[in-house]
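Both ligands and their constituent atoms are indexed starting at 1 by order of listing. On a predicted model such as this, the values are computed, not experimentally measured, just so you know.
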Amino acid sequence: MKVSTFDDLLVDQLKDLYSAESQLVKALPRMVKAAENDELKEAIQDHLEETKKQVERLEAIGRQLDIKLTGKKCKAMEGLLEEAKEVLELESSPAIVDFSIIAAAQRVEHYEISGYGTARAMAEFLGYQKVVKLLTQTLEEEAAADETLTKISTEHILAEDAKMAEEEMMEPAY
Ligand code: FE
Ligand code: FE
Ligand code: FE
Ligand code: ZN
């Protein structure tokens, strides 16, 4: 595609995000299934529902700017999800599986955070205040999802695994 103005560039960025989110709607259910820990399962399920709304939000932006968002594939998200697939095939302890899922999911969130941050900066520059507002909502959801994943990994996955190891050590030897 020809990108000669900031408007073109914003459209290109929005198309990339639209493809990324659409790929996620398909991929997240597999992560929910693979997660062992209930908090993790729930968090990814919740974010799946949010992700569906984020797709709708991008569609609203498309109507707002009178542009089509289809026709581009986000290759980076394709790659991140390819890596995530490896994680889903991992055979290991629940804590290792969950921690690997979190690692893959956080890479996804960080990619989204940077994409939405850039798009929002451009929309701001171009003076599209309604678009800025919509992108900010999604950006905040992505940041919150990332924080939730960090919280689950430290407070549940790692903490519970450490406790289990400790309990094993305290078991009588006979
Ligand atoms: Fe998203
Ligand atoms: Fe991309
Ligand atoms: Fe996300
Ligand atoms: Zn827990």
Side-chain angles (χ1 to χ4, degrees), residues 1-3 5-35 37 39-65 67-88 98-125 128 130-154 156-157:
M1 101 172 246
K2 212 172 135 238
V3 178
T5 65
F6 271 106
D7 270 285
D8 295 342
L9 195 53
L10 175 61
V11 172
D12 192 55
Q13 298 284 325
L14 291 170
K15 283 183 175 207
D16 189 81
L17 286 166
Y18 189 66
S19 164
E21 297 287 16
S22 306
Q23 291 181 55
L24 279 168
V25 169
K26 285 191 212 145
L28 286 176
R30 286 196 289 270
M31 287 208 204
V32 174
K33 243 183 160 178
N37 178 279
E39 283 97 350
L40 181 57
K41 251 186 205 304
E42 208 187 300
I44 302 174
Q45 180 65 44
D46 287 350
H47 197 53
L48 169 61
E49 298 315 317
E50 250 169 12
T51 300
K52 290 177 189 165
K53 295 218 183 74
Q54 293 171 353
V55 169
E56 287 171 18
R57 211 171 276 144
L58 284 169
E59 284 164 353
I61 291 173
R63 284 192 298 274
Q64 185 82 36
L65 298 174
I67 52 164
K68 247 181 51 186
L69 293 176
T70 49
K72 183 179 169 122
K73 178 153 212 171
C74 173
K75 295 192 192 88
M77 186 57 73
E78 196 179 29
L80 287 172
L81 292 174
E82 195 63 44
E83 282 190 11
K85 227 194 247 163
E86 284 170 30
V87 167
L88 303 185
D98 284 345
F99 203 70
S100 308
I101 291 172
I102 290 173
Q106 286 194 297
R107 278 184 167 82
V108 166
E109 294 315 315
H110 284 225
Y111 180 74
E112 292 184 296
I113 288 166
S114 80
Y116 279 104
T118 303
R120 184 177 65 174
M122 258 182 264
E124 211 142 48
F125 172 73
Y128 301 138
K130 276 186 193 156
V131 175
V132 169
K133 223 176 136 194
L134 291 166
L135 291 174
T136 298
Q137 276 175 31
T138 297
L139 192 52
E140 280 169 2
E141 287 172 0
E142 309 296 21
D146 181 50
E147 272 167 39
T148 300
L149 289 168
T150 298
K151 213 167 170 245
I152 290 172
S153 80
T154 53
H156 293 283
I157 315 295

(message) Closer than 3.5 angstrom, by distance alone: can the side chain of Lys41 be matched with the main-chain N or O of Val32 as a donor-acceptor pair?
(response) yes
(message) For His47, is there any backbone N or O sitting under 3.5 Å from a side-chain donor or acceptor partner on Thr51?
(response) yes
(request) Confirm or rule out an N/O/S atom of Tyr111, from backbone or side chain, lying less than 2.8 Å from the Fe ion (ligand 2). (result) yes
(message) I'd like to know whether CZ of Arg57 has more than 12 heavy-atom contacts from other residues, nucleotides or ligands below 6.0 angstrom.
(response) yes
(request) Check the pair Gln13 / Thr118 against side-chain hydrogen bond (donor to acceptor under 3.5 Å, both in side chains), numbers first and verdict last. (result) CA-CA 8 Å; Gln13 298 284 325; Thr118 303; 5.1 Å; no
(request) Kindly give the atom name of the N, O or S atom of Asp16 closest to the Fe ion (ligand 2). (result) OD2
Output side-chain donor-acceptor pairs under 3.5 Å for residues 74-83, partner residues at least two apart or in another chain, one line each.
| residue | atom | partner | partner atom | Å |
| --- | --- | --- | --- | --- |
| Glu78 | OE2 | Lys73 | NZ | 3.2 |

(message) For Tyr128 and Gln64: C-alpha separation, side-chain torsions, deciding distance, then whether side-chain hydrogen bond (donor to acceptor under 3.5 Å, both in side chains) applies.
(response) CA-CA 9 Å; Tyr128 301 138; Gln64 185 82 36; over 6 Å; no
(request) May I ask you to say whether Lys53 pairs ionically with Glu21, meaning some side-chain N is under 4.0 Å from a carboxylate O? (result) no
(request) Using 2.8 Å as the cut-off, note every protein N, O or S atom close to the Fe ion (ligand 1). (result) Glu21 OE1, Glu21 OE2, Gln54 OE1, Glu112 OE2, Glu142 OE2
